[in-house]
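Data first, discussion second: the structure below is written as structure tokens.
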Amino acid sequence: MAARDLPFRDLVETFEKLEATTSGNEMVEILAGLFRRTPPEVIDLVCYFVQGDLAAEYEDVNLQIGERLMAEAIARASGRPREEIEKLYIEKGDYGLVAEAVLAGQGGAGSGDALTVRSVHERLLEVARQAGVGSQEAKLNLLADLLRQATPREARYLVRIALGTLRLGAGTMTLLNALAVAFTGSKRNKPRLERAYNLCGDVGLVAKKVAEKGLDGLAEIKIQVGHPIKMMAAQRVQRLEEIFEKMPDGFAVEWKYDGERVQCHKAGDEVVIFSRNLENITHQYPDVVEAIRQGLAAREAIVEGEVVALVPGTDDQFQPFQVLMSRRRKYDVERYVKEIPVKLLLFDVLYVDGRSLIDAPYPERRAVLERIVRRSPRLDLTARLVSRDPEEIEAFFEEAVERGLEGILAKSCAPDSVYRAGAREWSWIKWKRDYSLELVDTFDVVAVGGFAGRGLSLIHI
DNA sequence: ACCGTATGCTCC
DNA sequence: ATTCCGC
DNA sequence: GCGGAATGAGCATACGGT
């Protein structure tokens, strides 16, 4: 039996309404209306489309279509020369409007069978799948076909989705609010949806669960090893005293390393590494995979830390982020593993052998981490200081800066210092070197060089 | 097969 | 990541 | 204060000319 679907036209009408308002509340109402008439079978796809995507952010689905290729695709669909299309773009500043204009001039555009959410999604995925020799030609033909079958208004949004320029002003939080209104009757329940989203990083999945089973459905979204969890972020302060003001119940400070934040999932010998944006970057770090495989005394675990470039031949002299970035590659990885050794500094643990630690306070998580990590030259915990003495903390900060690190991170030790996936809250506060330098405004400060592992040498004039 | 160029996409 | 903007 | 959007440097991929 055929799964139910939604006319793409319906989605396009919603997009037009969203474009016509800047009010967040109104957007929530418009989207809630859309969700109520969307069959649950395709509600995940609708969510991705509203965000201008085809899948969850962490899925590696890319159209690989830019302005140039799009101009050519519109040219083919409309039968006009590409020069004319590009000229129109200079006038209008948006290929969506260009496509709409030239296809409207065509007369019979889109008179064939109507596009649906599912059919458009399948065909765009087909575009994304094209790779290798001749792939650009194949992408062009698929896109041009799709545009020919679209009405001019549909073409406007198809083009924007493909180019990643949809910009409706409705992001993830607006979507979650609208889902709460549509399926639980009230925005009040949005935090429940947000929590589920932060555990799975996939609005589409949250939408499907809540559309099919309401709030109970959300309980089915749990931490799964191998599925990335949205990362917690820190607030910022300019002055050390502010940390004391914001965290009266006590805190610990940790060095903030200048590297790449990673979330490592271990299931037996299987290890997967996710970037801050939840991209799967396992292939970039075979050495980190090995360190996790060997260095965690747990069968299953999800841990978080910072990967930092080392000065070759050392295990505690760090290089700046820029150096680490040449490790961001697909080929020649083994060569760069030798040339740019890295160290993983762990600072959190979210899951161990069947137990979620998300709701455990920070001191407990840190204790578990200390228990399961086998320290080595390539794997360690972040340097940490538990103190209430401002001078001691300042010295800890200064040492971090001297070593070329970014600064320090203060972490609340209060009972409510749980891991707030996806949130930026005051239970983590960063204090970075730039701000402290700004305070030294009676001096002119000149950076004269960045030496490996020793940070910037500074001269006061 | 080998180059430079154009295009698209990621991280802080 | 930081920054700006509108609600 | 929050949510949404914009932003620059370096690598990967495909193309097109030799």
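In this text the structure is predicted, and so the values were computed from the model without any measurement. To find a chain, count down the sequence lines: A is the first, B the second, and so on, and within it residues start at 1.
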Legend entry - Touch class at under 4.0 angstrom, heavy-atom based, for Lys256(A) against every strand present: nothing
Inset, instruction - Report the nucleotide, chosen from dA6(D), dA1(C), dT7(B), that has the shortest atom-to-atom distance to any side-chain atom of Arg167(A). - result: dA6(D)
Protein N or O to nucleotides 10-12 of chain B N or O, pairs below 3.5 Å:
{"from": "dT10(B)", "atom 1": "OP1", "to": "Asn62(A)", "atom 2": "ND2", "distance (Å)": "3.4"}
{"from": "dT10(B)", "atom 1": "O2", "to": "Arg328(A)", "atom 2": "NH1", "distance (Å)": "3.2"}
{"from": "dC11(B)", "atom 1": "OP1", "to": "Ser275(A)", "atom 2": "OG", "distance (Å)": "2.6"}
{"from": "dC11(B)", "atom 1": "OP2", "to": "Asn277(A)", "atom 2": "ND2", "distance (Å)": "2.6"}

Legend entry - Any residue meeting side-chain hydrogen bond (donor to acceptor under 3.5 Å, both in side chains) with Tyr95(A), in chain and number order, not counting sequence neighbours: none
Legend entry - Test side chain to side chain contact (heavy atoms under 4.5 Å, CB included) applied to Cys200(A) - qualifying residues, sequence neighbours left out: Asp202(A), Leu205(A), Val206(A), Ile221(A)
Legend entry - Distance, rounded to the nearest Å, where Gln235(A) contributes CD and dG1(D) contributes C1': 10 Å
Legend entry - dC5(C) and dG8(D), which share atom name P, separated by this distance in whole Å: 16 Å
Legend entry - Evaluation steps, ring-ring contact (aromatic ring centres under 6.0 Å, His included), between Trp255(A) and Phe396(A): CA-CA 8 Å; Trp255(A) 277 352; Phe396(A) 186 74; 5.5 Å; yes
Inset, instruction - Can you tell me the distance, in whole Å, between the CG atom of Leu140(A) and the P atom of dA6(B)? - result: 18 Å
Legend entry - Between P of dA5(D) and CG of Leu168(A), the distance in whole Å: 7 Å
Inset, instruction - Keeping to residues at least two apart or across chains, list the ring pair (Phe, Tyr, Trp, His ring centres under 6.0 Å) pairs with something in residues 43-81 of chain A. - result: Phe8(A)-Phe49(A), Phe49(A)-His121(A)
Inset, instruction - Any chance you could measure Lys411(A), atom NZ, to Glu254(A), atom CD, to the nearest 0.5 Å? - result: 3.5 Å
Legend entry - ring pair (Phe, Tyr, Trp, His ring centres under 6.0 Å): pairs with one or both residues in residues 400-425 of chain A, sequence neighbours excluded: none
Legend entry - Inter- and intrachain pairs under side-chain hydrogen bond (donor to acceptor under 3.5 Å, both in side chains), touching residues 168-178 of chain A, at least two apart: Gln51(A)-Thr172(A)
Using atom names, set out every protein N or O paired with an N or O of nucleotides 13-17 of chain D below 3.5 Å, distance rounded to 0.1 Å.
{"from": "dT13(D)", "atom 1": "OP1", "to": "Lys330(A)", "atom 2": "NZ", "distance (Å)": "2.7"}
{"from": "dT13(D)", "atom 1": "OP2", "to": "Tyr331(A)", "atom 2": "OH", "distance (Å)": "3.1"}
{"from": "dA14(D)", "atom 1": "OP1", "to": "Gly132(A)", "atom 2": "N", "distance (Å)": "2.4"}
{"from": "dC15(D)", "atom 1": "OP1", "to": "Gly134(A)", "atom 2": "N", "distance (Å)": "3.3"}
{"from": "dC15(D)", "atom 1": "OP1", "to": "Gln136(A)", "atom 2": "N", "distance (Å)": "3.4"}
{"from": "dC15(D)", "atom 1": "OP2", "to": "Gly134(A)", "atom 2": "N", "distance (Å)": "3.0"}

Inset, instruction - Quick one: label Leu166(A) by what it contacts on the DNA or RNA (base, sugar-phosphate, nothing), any heavy atom closer than 4.0 Å. - result: nothing
Inset, instruction - Taking only the side-chain nitrogens and oxygens of Arg68(A), find out if one of them lies under 4.0 Å from OP1 or OP2 of dT7(B). - result: yes
Legend entry - Rounded distance (Å) that lies between atom P of dG4(D) and atom CD of Glu19(A): 16 Å
Legend entry - Between C1' of dA1(C) and CG of Leu324(A), the distance in whole Å: 15 Å
Legend entry - Met27(A) CE - dC2(D) P separation (whole Å): 19 Å
Inset, instruction - Could you tell me the separation between the CD1 atom of Ile65(A) and the P atom of dC9(B), rounded to a whole number of Å? - result: 8 Å
Legend entry - side chain to side chain contact (heavy atoms under 4.5 Å, CB included) partners for Leu142(A), two or more places apart: Glu126(A), Val127(A), Gln130(A)
Legend entry - dG3(D) OP1/OP2 closer than 4.0 Å to side-chain N/O of Lys190(A): yes
Legend entry - Option among Leu31(A), Val46(A), Leu193(A) that satisfies the side chain to side chain contact (heavy atoms under 4.5 Å, CB included) test with Leu175(A): Leu31(A)
Inset, instruction - May I have the distance from Lys139(A) (atom NZ) to dC9(B) (atom C1'), rounded to whole angstrom? - result: 12 Å
Please write out the pairs of protein N or O atoms and N or O atoms of nucleotides 3-7 of chain C separated by less than 3.5 Å, giving the distance to one decimal.
{"from": "dC7(C)", "atom 1": "OP1", "to": "Thr22(A)", "atom 2": "OG1", "distance (Å)": "2.6"}

Legend entry - Test side chain to side chain contact (heavy atoms under 4.5 Å, CB included) applied to Ala144(A) - qualifying residues, sequence neighbours left out: Arg76(A), Ala77(A), Arg148(A)
Legend entry - salt bridge (Lys or Arg N to Asp or Glu O under 4.0 Å) against Arg36(A), all qualifying residues, sequence neighbours excluded: none
Inset, instruction - With sequence neighbours excluded, tell me which residues meet side chain to side chain contact (heavy atoms under 4.5 Å, CB included) with Pro81(A). - result: Glu83(A), Glu84(A)
